[in-house]
Amino acid sequence: MEIIRTVSRLREVAENHRTAGRSIGLVPTMGALHAGHKSLVDRARCENDIVIVSVFVNPTQFNNANDLATYPRTEEADAAMLESCGVDYAFIPSVDEIYPEPDTRVFDLGPVAEVMEGPMRPGHFNGVAQIVSKLFAWSKPTKAYFGEKDFQQIAVIRRMVELEGFDLEIIPCPIVREADGLALSSRNVRLTAEGRAVAPKIHYLLQQSVDLKAQGLTPKQVEDATIGAIDAIDGLRTEYFQIVDAKTMQPISQWSQAGELGAAGCITVYCGDVRLIDNIRY
């Protein structure tokens, strides 16, 4: 595996493989890699001739300076894991390499970015669009792989691909969970012992929400019941729980309003001071 530090080398490598007719799978990450990332890499490895994984904590998508400062960084362990997975290239650049000057682009991401994470993290999705569009332009992948834990982010990236006219396929991949149901996240390492003990209840109560739907409750009733159950647990505090159309990300008031992909329940919960996201399909 070659570790690439510069944009020019990434462009060169990608161009050489594309010219030779090889397919390229790209897995964008912010590092602190875990089994969820490995599942993306493994799928990319199965479906492409060449696999590129980017490891970059992107500052433009953080609207909270403390969150950026405390985000885990484990480059040496990340590189070892990627090599063991058979990755061809790990792109691990500096901030100055990615942003030699400020990226002032503002993307018209539309309604998919105006709900849930949108208002809670102003500028977050525009920052995601900035970095992902750069990675797509430089590596020209055939397919790009993203975990469904960041459910709304996938919809935003699809919108960005439309806007920019990228010729590639976005591949959503299932959430990988611990045995007790907690969705794998790089932020999990920041959980206290007490937090780690109660965090799996988020997924448990999301599963219970599916049963509530089956009992005839409306989306709003399911939301309220789920929020109430989570907030009753010491150490957990819901930031939002919204049931939306799984394609458009727009809230629904009746289950019949969900389109071809059905409905999804998207949640963000503070477990102590650690912000955890998860989702479930209905």
Side-chain angles (χ1 to χ4, degrees), residues 28-37 54-79 81 91-107 109 113-135 146-147 149-154 156-157 175-176 178 182-203 227 230-231 233-242 266-279:
T29 82
M30 291 208 300
L33 304 180
H34 50 65
H37 297 107
S54 64
V55 176
F56 179 67
V57 181
N58 175 42
T60 71
Q61 69 190 67
F62 286 82
N63 62 319
N64 181 316
N66 185 60
D67 194 21
L68 174 60
T70 58
Y71 197 88
R73 293 162 171 83
T74 56
E75 181 182 315
E76 191 173 325
D78 292 346
M81 176 179 164
F91 179 49
I92 311 179
S94 67
V95 173
D96 288 342
E97 183 66 21
I98 297 294
Y99 299 109
E101 55 191 40
D103 189 339
T104 58
R105 292 176 299 160
V106 176
F107 293 81
L109 297 169
E114 294 169 358
V115 295
M116 299 185 293
E117 291 292 280
M120 293 298 175
R121 302 180 69 186
H124 167 68
F125 283 134
N126 197 71
V128 169
Q130 287 176 343
I131 184 59
V132 175
S133 64
K134 285 176 179 285
L135 293 171
F146 296 90
K149 184 174 72 68
D150 297 297
F151 194 75
Q152 185 180 6
Q153 176 177 277
I154 293 173
V156 168
I157 289 168
I175 298 172
V176 177
E178 300 280 9
L182 178 62
L184 292 186
S185 169
S186 300
R187 289 184 168 87
N188 290 354
V189 299
R190 295 181 49 217
L191 292 169
T192 63
E194 295 79 10
R196 181 61 186 82
V198 297
K201 295 184 184 295
I202 300 168
H203 177 57
I227 291 169
I230 289 175
D231 289 353
I233 298 168
D234 191 30
L236 298 182
R237 176 176 60 83
T238 308
E239 185 174 64
Y240 67 80
F241 175 50
Q242 198 143 45
C266 299
I267 197 163
T268 293
V269 177
Y270 276 95
C271 184
D273 64 353
V274 182
R275 189 175 189 268
L276 301 176
I277 65 174
D278 205 341
N279 61 79

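The shown structure was predicted, so the numbers you read here are calculated from the model rather than taken from an experiment. By convention here, the first residue in the shown sequence is residue 1.
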Asp78 (side chain) donor-acceptor with Leu33 (main chain) under 3.5 angstrom: yes
Step-by-step side-chain contact (heavy atoms from CB on, under 4.5 Å) determination, Arg190 to Thr70: CA-CA 9 Å; Arg190 295 181 49 217; Thr70 58; 3.7 Å; yes
Polar side-chain atom of Asn188 near backbone of Ala183 as donor-acceptor pair, under 3.5 Å: yes
Any donor-acceptor pair under 3.5 Å from Gln152 side chain to Val115 backbone: yes
Donor-acceptor contact below 3.5 Å, side chain Glu239 vs main chain Tyr270: no
pair Glu194-Asp234: side-chain heavy atoms closer than 4.5 Å: no
Which atom of Cys271 lies closest to which atom of Leu191, heavy atoms considered: SG-CD2, 3.7 Å
Shortest non-hydrogen separation from Pro200 to Ala197 and the atoms involved: CD-O, 3.6 Å
Heavy-atom closest pair, residues Val57 and Pro59: O-CD, 3.2 Å
Atom pair NE2/CD1 of His203 and Ile267 - distance to nearest 0.5 Å: 12.0 Å
Salt bridge (charged side-chain N to carboxylate O under 4.0 Å, His left out) assessment of Glu117 paired with Arg275: CA-CA 12 Å; Glu117 291 292 280; Arg275 189 175 189 268; 2.8 Å; yes
Polar side-chain atom of Asn279 near backbone of Lys149 as donor-acceptor pair, under 3.5 Å: yes
Approximate separation, where rounding is to 0.5 Å, of Met30 CE and Ser54 OG: 10.5 Å
Polar side-chain atom of Thr238 near backbone of Val269 as donor-acceptor pair, under 3.5 Å: no
Any donor-acceptor N/O pair, Arg187 side chain to Leu276 backbone, under 3.5 Å: no
4.5 Å side-chain heavy-atom contact, Leu184 and Glu178: yes
Min side-chain heavy-atom separation Ile230-Phe241 under 4.5 Å: no
Any donor-acceptor N or O pair under 3.5 Å, side chains Tyr99, Asn58: yes
From CG (Asp278) to OG (Ser185), nearest 0.5 Å: 10.0 Å
Non-hydrogen atoms of Lys201 and Ile233 that approach each other most closely: CD-CD1, 3.5 Å
Any side-chain heavy-atom pair of Pro28 and Ile131 under 4.5 Å: no
Phe91 vs Ile98 side-chain heavy atoms within contact, under 4.5 Å: yes
Pairwise side-chain contact, Ile277 with Phe151, heavy-atom cut-off 4.5 Å (strictly under): no
Nearest atoms (heavy-atom pairs only) where Phe107 meets Ser133: CZ-OG, 3.7 Å
Any Leu135 side-chain heavy atom under 4.5 Å of Phe56 side chain: no
Euclidean distance, Asn126 CG relative to Asp103 CG, rounded to 0.5 Å: 8.0 Å
Within-4.5 Å side-chain heavy-atom neighbours: His37 and Ser186: yes
Atom pair CZ (Arg121) and CD (Gln61), whose distance is rounded to the nearest 0.5 Å: 7.0 Å
Over all atoms of both residues, closest heavy-atom pair of Arg73 and Ala69: NH1-O, 3.7 Å
Inter-residue atom distance Thr29.OG1 - His34.NE2, 0.5 Å rounding: 9.0 Å
